[in-house]
Protein chains: 2
Amino acid sequence: MKVKEVADLVGISVRTLHHYDEIGLLTSEETTESGYRIYSESDLETLQQILFFKELGFPLKKIKEIISSPSFDRAEALELHRKSLLEKRSKLDNMIRTIDKTIQHSKGEIEMSNKEKFEGFDFSSNPYEQEARDRWGDKAVDESNAKINSLSRNEKKAWEDEFNSIYKELAEIRHEAPDSEVAQEGIKEWYDFLNRMGNYSLDAFKGLGQMYVDDERFTKNIDQFGKGLAVFMRDAMAVYADKNK
Amino acid sequence: MKVKEVADLVGISVRTLHHYDEIGLLTSEETTESGYRIYSESDLETLQQILFFKELGFPLKKIKEIISSPSFDRAEALELHRKSLLEKRSKLDNMIRTIDKTIQHSKGEIEMSNKEKFEGFDFSSNPYEQEARDRWGDKAVDESNAKINSLSRNEKKAWEDEFNSIYKELAEIRHEAPDSEVAQEGIKEWYDFLNRMGNYSLDAFKGLGQMYVDDERFTKNIDQFGKGLAVFMRDAMAVYADKNK
DNA sequence: CATTGACTCTAACGTTACGTTATACTTTAT
DNA sequence: ATAAAGTATAACGTAACGTTAGAGTCAATG
């Protein structure tokens, strides 16, 4: 097969094939006397492998190593690569959250209704405090309240922004499986956030999640970020709590 | 302030400042007669803005536009950028998912090949080979044996000895509870042994245990060490896998 | 006061994975 | 035979600096 045929077949450009030839990643088995590259079936298979690793985001150099050395430990390479991808992902998450905070903040010059947003954990100013005290004990609730009340306006604003950012993100991934990595990373943000304010045990966290669904006042507020978010959060929070015990 | 002072202050390199100068992103307000760049307070503020957008993953070109034109709609730029980050993230998620699948898949293959090794070992070195030949035909047995035989004699011998020793021990304690300390210590030997030859995850280990009961070929051979050993091992392996997660 | 060490400058190649011309030749179709 | 389509090599461009390399500058020390 000639370049264009191969290129069209696998959906890449002729230039790409030329490039792979240049860097020695994939040299056609045959060449006509006039210099045309002729690819064999075997070449095609190699190309498929190359494209596979390329889709995973491997650099061509690594792909070359992997392909050209059958003894290369692919499993290890995959594990390593996975880690680097996860790092990239968390960097991206940070960027997105920072953007969200910034957007929130600039919008926030107009003070939004604090109470709505804080209902999720502001037991100091809502009628559910007794329930919270019953459920998690006086100590946890008092601690949480003390912290919230000691915040300055700016601090409160910052919390709000972060709160919104987290919920926005969770709303975006609410159709993923609750035990997926994405979901668990998202819910971890929420857990960490809560624990920056008060002291939530994993059980308390799980219980809180359950309340999101049991108590329609919570459900309503939470689902404003996206329908079904409360249920998703309950499930993801339960998985998180069980997994991290 | 001179380059290095600024660079150290904000945590970037001198080269970066030079670069920003080159591309006209940030030119120092002043310059000494000898050509040294002297940055003003105002320059520093601009730099902070630049770094802020940079952290969000904006390309320098866009940052230049944003910075140099006060009329530029920052909010819109942020929203747009947010979208592109979300896309990148979902691409990353896809890559990660694909890697996970691949890893799972290859683990499965390792499991299978170990199974083959196991069979080969059993059938090539014990008196029941004839039975195996009768049941699955000469070809299958020979192929299986060939794989085992590619090991060096010493390797094979050591392997057999250890294998036998472990199974003998397990057979002796097979009437203990699968979650007892004795049983768990015994089964740990087996897990460690397997991981010296292949690569068994805890899940794979658990799955292998299940196979000991599901697949009568395994059951039969294992129970030659003692009736009920296969079932005992399956249970002990499951407990071990769950406990050590 | 000259030397030295720390600092600064410009210039230019290297990096990644091709896209994009530009120029010239080969093969295929009409 | 001639045009159209395909192929080849060569080389610049991209993003954001890192990394030498060679040369000049500034402040402190002997």
Side-chain angles (χ1 to χ4, degrees), chain A residues 1-40 43 46-47 49-68 81 84-85 88 91-92 95, chain B residues 1-40 43 46-47 49-68 81 84-85 88 91-92 95:
Chain A
M1 297 178 75
K2 284 184 284 187
V3 272
K4 191 160 192 294
E5 298 173 301
V6 175
D8 288 346
L9 182 64
V10 302
I12 61 179
S13 72
V14 171
R15 169 64 176 134
T16 298
L17 285 171
H18 283 168
H19 183 60
Y20 291 173
D21 194 355
E22 278 175 29
I23 65 175
L25 179 57
L26 180 66
T27 309
S28 64
E29 209 167 76
E30 239 183 302
T31 338
T32 69
E33 49 188 85
S34 55
Y36 283 24
R37 295 167 179 79
I38 304 294
Y39 294 87
S40 68
D43 288 335
T46 306
L47 180 56
Q49 291 210 32
I50 291 171
L51 295 179
F52 171 75
F53 285 106
K54 191 185 144 198
E55 268 177 42
L56 296 183
F58 277 84
L60 298 186
K61 254 191 183 175
K62 277 270 152 39
I63 298 181
K64 193 176 171 187
E65 289 179 43
I66 296 175
I67 297 284
S68 60
H81 190 58
S84 88
L85 291 184
K88 276 188 193 172
K91 277 181 195 168
L92 268 179
M95 290 180 188
Chain B
M1 296 178 74
K2 284 183 285 187
V3 272
K4 192 161 191 296
E5 297 174 303
V6 175
D8 288 347
L9 183 64
V10 302
I12 62 178
S13 72
V14 171
R15 169 65 175 134
T16 297
L17 284 171
H18 283 169
H19 184 59
Y20 290 173
D21 194 356
E22 278 175 28
I23 65 175
L25 178 57
L26 180 66
T27 309
S28 65
E29 210 166 75
E30 236 182 303
T31 339
T32 68
E33 48 188 86
S34 53
Y36 283 25
R37 295 166 178 80
I38 304 294
Y39 294 88
S40 70
D43 288 336
T46 306
L47 180 55
Q49 291 210 32
I50 292 172
L51 296 180
F52 171 74
F53 285 106
K54 191 185 145 197
E55 268 177 43
L56 296 183
F58 277 85
L60 297 186
K61 254 190 185 177
K62 278 269 153 38
I63 298 181
K64 192 176 171 184
E65 289 178 43
I66 297 175
I67 296 283
S68 60
H81 190 58
S84 88
L85 291 185
K88 276 188 193 172
K91 276 182 196 168
L92 266 181
M95 291 180 188

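Atoms considered below: every heavy atom in the structure, side chains included; atoms not considered: hydrogens, waters and symmetry mates.
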Original post:
Counting any heavy atom closer than 4.0 Å, what does B:K54 reach on the DNA or RNA strands: base, sugar-phosphate only, or nothing?
Top reply: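 Touches sugar-phosphate only.
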Original post:
Where the side chain of A:D21 meets the backbone of A:H18, is there a donor-acceptor pair that is under 3.5 Å apart?
Top reply: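 No, the answer is negative, given that no donor and acceptor are paired below the 3.5 Å cut-off.
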**OP:** Verify, without hydrogens or angle tests, whether B:S84 (side chain) and B:H81 (backbone) share a donor-acceptor contact under 3.5 angstrom.
**Re:**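 Present.
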**OP:** With the side chain counted from C-beta on, respond yes when B:M1 and B:L9 share a heavy-atom pair under 4.5 Å apart, and no when they do not.
**Re:**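 Side-chain contact under 4.5 Å: yes.
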[X], nearest nucleotide to its side chain (from [options]):
X     : options                : result
A:K2  : D:dT7, C:dT8, D:dC17   : D:dT7
A:S13 : C:dC18, C:dG19, D:dC26 : C:dG19
B:L60 : D:dT7, D:dC26, D:dA16  : D:dA16
B:V14 : C:dT8, C:dT27, D:dC26  : C:dT8
A:H19 : D:dC17, C:dC18, C:dT8  : C:dC18
A:K61 : C:dT8, D:dG6, C:dT16   : C:dT16

To the nearest Å, give me how far apart [atom1] ([X]) and [atom2] ([N]) are.
X     : N      : atom1 : atom2 : result
A:K4  : D:dA8  : NZ    : P     : 13 Å
B:Y39 : C:dT8  : OH    : P     : 10 Å
A:I12 : C:dA17 : CD1   : P     : 14 Å
B:D21 : D:dA16 : CG    : C1'   : 15 Å
A:E30 : D:dT7  : CD    : C1'   : 16 Å
A:I63 : C:dT16 : CD1   : C1'   : 12 Å
A:L25 : C:dT16 : CG    : P     : 13 Å
A:L47 : C:dC18 : CG    : C1'   : 15 Å

Below 4.0 angstrom from OP1 or OP2 of [N], is there any side-chain N or O of [X]?
X     : N      : answer
B:T16 : D:dG18 : yes
A:Y20 : C:dC18 : yes
A:H18 : D:dA8  : yes
A:R37 : D:dT7  : no

Original post:
How far apart are the closest heavy atoms of A:M95 and B:L56, and which atoms are they?
Top reply: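 Closest approach of A:M95 to B:L56: SD-O, 3.5 Å.
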**OP:** Identify the two heavy atoms, one from B:L17 and one from B:A7, that lie closest to each other, and give their separation to 0.1 Å.
**Re:**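 Shortest heavy-atom contact: CD1-N, 4.0 Å.
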Original post:
Does A:E22 or A:G35 map to a spot on DNA chain D nearer the 5' end, using the closest nucleotide for each?
Top reply: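 Final value for this comparison: A:G35.
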Original post:
Starting at the 5' end of DNA chain D, which residue's closest nucleotide do you reach first, A:V3 or B:T32?
Top reply: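 In this pair, the answer is A:V3.
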Original post:
Donor-acceptor pair under 3.5 Å: do we get one between B:R15's side chain and the base of D:dT19?
Top reply: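 Yes, the side chain and the base share a sub-3.5 Å donor-acceptor pair.
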**OP:** Take A:H19 and A:I23 through the test side chain to side chain contact (heavy atoms under 4.5 Å, CB included) and record every step on the way to the result.
**Re:** CA-CA 6 Å; A:H19 183 60; A:I23 65 175; 3.8 Å; yes
**OP:** Let me know, please, whether A:F58 or B:S34 comes out on the 5' side of the other along DNA chain C by nearest nucleotide.
**Re:**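 Per heavy-atom nearest nucleotide, the more 5' residue is B:S34.
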